[in-house]
Structures are given as structure tokens and as C-alpha cells.
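So the structure is just underneath, and the comments pick up after that.
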Amino acid sequence: MGLEKSILRLPRGLRDFPPEEMAKFSYVENKIRRVLELYGYQEVRTPIFERFDLFALRSGEEIRSRMFVFSTDEGEMALRPEVTAPIARMVATGKLDLSKKPLKIYYIGPCYRYDEPQAGRYREFWQAGVELIGSPYPEADAEVIRLATRVLEELGLEGYVLRIGDMAVIRAFLTQEGVPEEAVNRIIGPLDVLTSSLDKLRMYREKLSEANSGRPLGPDKLSDLIRRCDEIRRLKEEELLKMDAGESLIPKAYEGLLEPDPRVYRLKELYEEGSFDEICDVLDKKAEELVVLTKLRWAYYGVEYGPGQTYKMPEEVFDKLMELMSISGPGDEALPALEKLLGRSGQVGQALSRFEEALKALSWFGVEGFTVDMSIVRGLEYYTGTVFEIDFPFLGAQKQVCGGGRYDKLVEEFGGPSLPAVGFAFGVDRLVLALERSGKVPPARPRCDVYVIPISEEVLDYAIRASEQLRSSGLRTEVSLSRRKLREELSIADKLGARLAIIIGPREAEEGKLTVRDLETREQVSLPLKEAIRHVKAALAGGKT
RNA sequence: GCCGGGGUGGUGUAGUGGUCAGCACGGGGGCCUGUGGAGCCCCAGGCCCGGGUUCAAUUCCCGGCCCCGGCCCCA
């Protein structure tokens, strides 16, 4: 009787790593270690779980449902969803030698999130990250970004997209416009959702207007498009109903902007009959409505940011913020645009100059070809300055392999000294995926180079002693533990990928020799141990790779 | 939460409303006694679960579970 199948089943989103798979991971991890140590970073390790509150401190109670939480007699614990907070805890509690400031540390280890798995997303995933703690200067930001691109280069991965933004600029702008500090995070999050929705709508629009015939979208995309439009329609109609009932806070004067448009119900038909122009028109309208709706809500309902506290954003501020977030392009285009929009004075000007310096420092490190993108707002609230992301577009939905930025307040918020910091994390699984998809996985190394075959039991003694000698001289050697027949052993040696077999029978034992057989050429010679070792080394060095 | 595509020995697969569900690799055993890296022979092992349709379901239908993708969200 076998065991109940269900107890053997791996929990959802977890994976085993057989040797072939593990080899790819080790390859990536080793590359990462080598690059980071080249820059003087040292590896650390933190526990796999910590107090739940440590992770909730910054991200809020809401993330409970996205983590693995369990209770113990010491209170609630959570499997770590990321490693920045534990590192900050380590620093804040004085575990690191601050006289070596800036601290340069890195980690590679598993993290856990209670999410629905899909391609490139698992409940247990590996992160490799860097934290540079104690330098407030732009060259620190630049070095950290350089580390990330250097790892990708060393892995031979091409076609990545590096986008850089700056939270300090955005925060300074909002503060200058009179937005309360605590409200800033409440604004940035939803704004990110808004801009990414607009991006999607714009993308569909482009695809439709480029192709005049055929099916440019595919069923998945089409249904997403319809869903998004319908979502906007729903929001809009809710508001109109409220207006009719006199319950809306938005003045009736805006009613015209929110007028219903029956075409949303016919999007599928329109698509099937090829009326793409019509759909584009609907998309334009919907995008505009979404902006107006959000703007009006924020202006008249306000944004809640604490118990009983709301901030009502003036429409001009909203417009300017949208404009700021939409700035994107190469540095020599984006920076002038930023200056034009924000000016050079006050905190905003300072933040902008700081951002420029970071980008300039990046060029000293030889990093080119990035995009300035003010809309990248990393989900986590603790970022205070430069933020960046690296994507491989060919990975599809889970294309982001790296994300990071500056977090100058975190250590202090954990009760430690005031230490500015900048860091990032790689998704190791996704790096492996990217490597596979671009055919850059190095060929697997065979289990051993030399396979020793004792022909009979009497020579086991001699064969094993000889194997030990081979190993002592650095040769990766297996000695057969299977007592099989010679021809089967040869077949196995071949399958294992060994380059050479060493055959040992009574003859060899008697003469004190080893018969070395080249498994490719099938040539063989009998030599005394020392010479055999030399011969093997020459063969291994001489052959391919 | 939503939308697709799938579940056949350990792995990869073929196939069928009704005989014994086929093949490859892998596993176990045998012939073969130091290179015949092969070959041959034998053995073990499978239609995800539950309902329905039917004389008969692994096959058709429905539901569930699971896996794989995509959307949302995130890293």
C-alpha cells in the first residue's frame, strides 16, 4: 500500500530542485556572489522567519493575508517576504560594525509569499539583494545600480530594460503643494494603479490603430480591454447615480464629463466587425474619464490618510502630478522636462539636482541606456529617493527581475541610528528563467571526470585505494559501487558524462597499474599510478572545454 | 477574484464508447564470464476524484481537485 497521495504532494507554489535545476541556480548564485564581492560586498544571512510585526511595521496590517503567518508562545511570526526589513533590523540593533561605514552587505536566500503561483511566481522564491548602508551620496545610488547591471552582464543576459525614477522629487513636489506628509503614500499607491491603467489603455489603442485588419489583440487582451472599459463605466455610473440622488460631493456641473456611452456594451461586436477606429475613440474617452473621475474624487471627496483625516487635492495639483508622473524618456529629454515642470527652487529643486547627480554618477560607472521614468513607484513605502527596476520584456507578466532604491529612513524607524541606505533585490528564479529563455544556460557539468571500474570483488581494495589517490590529486573521481559487469559499467560511465574510465582487474592489481580508457576515442593504456594521473590530467586539459 | 489549456505506469507519450490500454526511457531479473559501451528475453508498474448519459465510460457530459498559462495584484 502506498501512502495517501495527498501527503506526498508538494504544497502549492513550492518546488523541488533536482540536480540539473539546482545547477542553474548555483550558477546564477555564484555569478552574483562573484560580482558583489568584486565590489567589496559581504554576505550575511538572516532567519527565515521573524516577528510578524517587523514586516507589518512599514507595510501595514493588510499584508497579513499575503504572508505565511503562524503563532508561537512568543507571539506571531511570519516567513519573511523580503530581506530588507530584517537587514534594517540587524543594523538597527547594532549587529553590524558601523565603524566600517558604509556597510556593504548582500544576501541570497528564500523568501515566502502567500500568492497565487504562475509562471515566474512561486510561494517560495529566492531573492539576492544588496544593501549599501551609510552613504547618502548619489555615487552610492549609482554604484548599487551598477551592481545590478553588472550581474546581468556577467550572466550574459541582454535586452534588459532599466528604468529609474525618484521618490524624493515626487515627495518634495507634493510637500511643496501642501500635501500632508502622511497623505503622500496614500496618493502615490493609487496613482501608480491609475497610470498603469492608462498605459494599458494606451497600449491597446496603439495596437488597434496600427493594424487595420485581422485580429491584433487575441482573446485574452480583448477581454481585458472590455473589462477595463466596463470597470470605468461602472465607476462613472455609480457617481452619476449619486449625483441624481443628490448624494454626490462632486458638483453637478461636471455631469457632462461623465455622460454614459452605450458603445462600451458593444466593444466585442465592434472588434469583430473590425471597427477599430470606433474602439480607439471609446478607449480615448475612457482614459479621459478615468482621469477626470479620479481627479474629481480626490478634489471633492479627498484622500483619507488617517483616522478621520482627509486631504482634498486641488485640481491643478492633480494635473501637475499627472504630468510629473508621465515624464519618461532618456535622461537628456526627461531632465529638462522635469526642470520645466518643477523649477529649480526650494526642496523640489534640491531633490531634482540630487537626482541629476545620481544619473551623472551612473555614467561614471559606465551605465548607459536607461530610461528615466517618474511613474515607477515601487510598491513598498519605505523608498525615499532614487528608485529603479529592471525588466526583461520577453519574460511576459513576471518580467521584473530586479527592483530597488534608496530608503534613508528605514533604519531609524526601526529604532536604530539615522543611516541612509540604498539597495535592491534580484528575483533569482526569474534570472534563471531569463537565462533559459535566452539560451544562456551553461552546459551541465558531468558528475565526475573519471569513472573507476573494478572488474571483480578481489580488486575492490586496489581500485578504491587508487580512486582515493586520484581524488587527492584533484581529479573528480567516482568508483563504481555497483559490482556490475564491465560492459555495463562502461555504458554507465558514458552516461554519467565521464571523460575517462579506469579499468581495474586482477592484471592491473598484480602489475600495480591502472588501465585508462578514453571514452570518446576508446583508446586505452596501462600505466602505473603516478603516470596514470599525469595522463588523465593531460587528457582532461587537452580535450574540449 | 476572473479567463483559457490540460490531467494515461516513476518520467515522456500513443490511443480507444466494448477484446489484453500501446510505445520509449527508467526500475528489477536473466542470457552474456576483461571493453559485444551492444543485443535478446522475462517481470513489476498506469487511464486524477465524484456524479451523470449508456447494456457498456479511460474515452461523451457536469462538478470537484490538481497542474500549466494569462488577467488583476505583487517581488
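We use all heavy atoms of the structure for the numbers below, so side chains are in, but hydrogens, waters and symmetry mates are not. The model shown is predicted, which means the values in this text are computed figures rather than measured ones. So that the names make sense, note that chain A is the first sequence line, chain B the second, and so on, each numbered from 1.
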Stepwise side-chain contact (heavy atoms from CB on, under 4.5 Å) check, A/Leu57 with A/Phe414: CA-CA 9 Å; A/Leu57 200 61; A/Phe414 278 12; 3.2 Å; yes

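- Using a 4.0 Å heavy-atom criterion, one finds that A/Lys200 contacts the sugar-phosphate atoms exclusively.
- Not counting sequence neighbours, the partners of A/Arg483 by the salt bridge (Lys or Arg N to Asp or Glu O under 4.0 Å) test are A/Glu457.
- At the heavy-atom level, A/Leu519 lies under 4.0 Å from base atoms of the strands shown.
- Checking B/rG69 for Watson-Crick or G-U wobble geometry (two distances, each under 3.5 Å) identifies B/rC3 as its partner.
- The aromatic rings of A/Phe426 and A/Phe424 stand perpendicular to each other, their planes meeting at an angle above 60°, with 30° marking the opposite boundary.
- Rounded to a whole Å, the CG atom of A/Leu486 is 13 Å from the C1' atom of B/rA38.
- Nucleotides B/rG45 and B/rC23 have their C1' atoms positioned 15 Å apart, rounded to a whole Å.
- For A/Thr515, taking side-chain heavy atoms from C-beta onward, the closest of the listed nucleotides B/rG34, B/rC73, B/rA75 is B/rG34.
- In the set B/rG37, B/rG34, B/rC74, B/rG37 carries the atom at the smallest distance from any side-chain atom of A/Arg522.
- Using a 4.0 Å heavy-atom criterion, one finds that A/Tyr122 contacts the bases of the nucleic acid, with or without backbone contacts as well.
- B/rG52 and B/rG7: their P atoms are spaced 24 Å apart (whole Å).
- Side-chain atoms of A/Arg121 come within donor-acceptor range of the base of B/rC73, with a qualifying N/O pair under 3.5 Å.
- Mapped onto RNA chain B by nearest heavy atom, A/Leu395 and A/Asp518 fall at different nucleotides, with A/Asp518 at the one closer to the 5' end.
- Applying the Watson-Crick and G-U wobble criteria (two distances, each under 3.5 Å), B/rU16 pairs with nothing in any strand.
- An OP1 or OP2 oxygen of B/rG26 is reached within less than 4.0 angstrom by a side-chain nitrogen or oxygen of A/Lys495.
- The same atom, P, is picked in B/rC49 and in B/rC40; the two are 35 Å apart, to the nearest Å.
- A salt bridge links A/Glu389 with A/Arg163; the closest basic N to acidic carboxylate O contact falls under 4.0 Å.
- Put simply, CG on A/Asp391 is 13 Å from P on B/rA75, counting in whole angstrom units.
- Annotation: A/Tyr106 is not in aromatic contact with A/Tyr41 [ring centroid separation under 6.0 Å not met].
- One atom, CG of A/Leu194, and another, P of B/rC73, lie 12 Å apart when rounded to the nearest Å.
- Residues passing the side chain to side chain donor-acceptor pair (under 3.5 Å) test with A/Glu468 are A/Arg471, sequence neighbours excluded.
- Nearest to the side-chain atoms of A/Asp115 among the listed nucleotides B/rC74, B/rG34, B/rG37 stands B/rC74.
- In a base pair of the Watson-Crick type (N1 to N3 plus N6-O4 or O6-N4) or a G-U wobble (N1-O2 and O6-N3), with each distance short of 3.5 Å, B/rU53 is matched with no nucleotide.
- A/Phe424 places its CZ atom 16 Å from the P atom of B/rA75, with the value rounded to the nearest Å.
- The side chain of A/Asp494 approaches B/rG37 more closely than any other nucleotide in the set B/rU35, B/rC73, B/rG37.
- Within the 4.0 angstrom heavy-atom criterion, no nucleotide atom of any strand lies near A/Gly427.
- Using atom C1' as the reference point in both B/rG51 and B/rA75, the two lie 42 Å apart (nearest Å).
- Between the P atom of B/rU33 and the CD atom of A/Glu488 lies a distance of 13 Å, rounded to the nearest Å.
- Minimum atom distance to the side chain of A/Arg228 is reached by B/rC72, of the listed B/rG34, B/rC72, B/rA75.
- Residue A/Ala119 has its side chain nearest to B/rG69 when only B/rG69, B/rC74, B/rC66 are considered.
- With distances taken from any side-chain atom of A/Gln524 to the nucleotides B/rC74, B/rG70, B/rU35, the minimum falls on B/rU35.
- Separating the C1' atom of B/rU8 from that of B/rA21 is a span of 8 Å, rounded to the nearest Å.
- Distance check on atom P: B/rG4 versus B/rG63 gives 12 Å, rounded to whole Å.
- No contact: A/Pro81 has no heavy atom under 4.0 Å from any strand.
- Separating the CZ atom of A/Arg113 from the P atom of B/rC73 is a distance of 14 Å, rounded to the nearest angstrom.
- Remark: B/rA44 base-pairs with no nucleotide in the shown strands. Criterion, Watson-Crick or G-U wobble with two distances under 3.5 Å.
- For A/Gln398, whose side chain is taken as the heavy atoms from C-beta onward, the closest listed nucleotide among B/rG37, B/rC73, B/rG34 is B/rC73.
- At the phosphate of B/rA38, OP1 or OP2 sits under 4.0 Å from a side-chain N or O atom of A/Ser491.
- Closest to the side chain of A/Gln118, from the set B/rG34, B/rC72, B/rU35, is B/rC72.
- The base of B/rG37 lies close enough to the side chain of A/Arg517 for a donor and an acceptor atom to sit less than 3.5 Å apart.
- Using atom C1' as the reference point in both B/rA57 and B/rG28, the two lie 34 Å apart (nearest Å).
- Within a 6.0 Å sphere centred on OH of A/Tyr114, other residues, nucleotides and ligands contribute 12 heavy atoms or fewer.
- The interatomic distance linking A/Lys399 (NZ) with B/rC73 (C1') rounds to 14 Å, in whole Å.
- Straight-line distance from the NZ atom of A/Lys485 to the C1' atom of B/rG39: 14 Å, rounded to whole Å.
- A heavy-atom distance below 4.5 Å is not found between the side chains of A/Tyr451 and A/Arg476.
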Stepwise side-chain contact (heavy atoms from CB on, under 4.5 Å) test for A/Leu475 and A/Val536: CA-CA 9 Å; A/Leu475 292 166; A/Val536 168; 3.8 Å; yes

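- For B/rA38, there is no paired base (Watson-Crick or G-U wobble, both distances below 3.5 Å).
- Between the side chain of A/Glu508 and the base of B/rG34 there is at least one donor-acceptor pair of N/O atoms closer than 3.5 Å.
- Separating the C1' atom of B/rA44 from that of B/rG36 is a span of 28 Å, rounded to the nearest Å.
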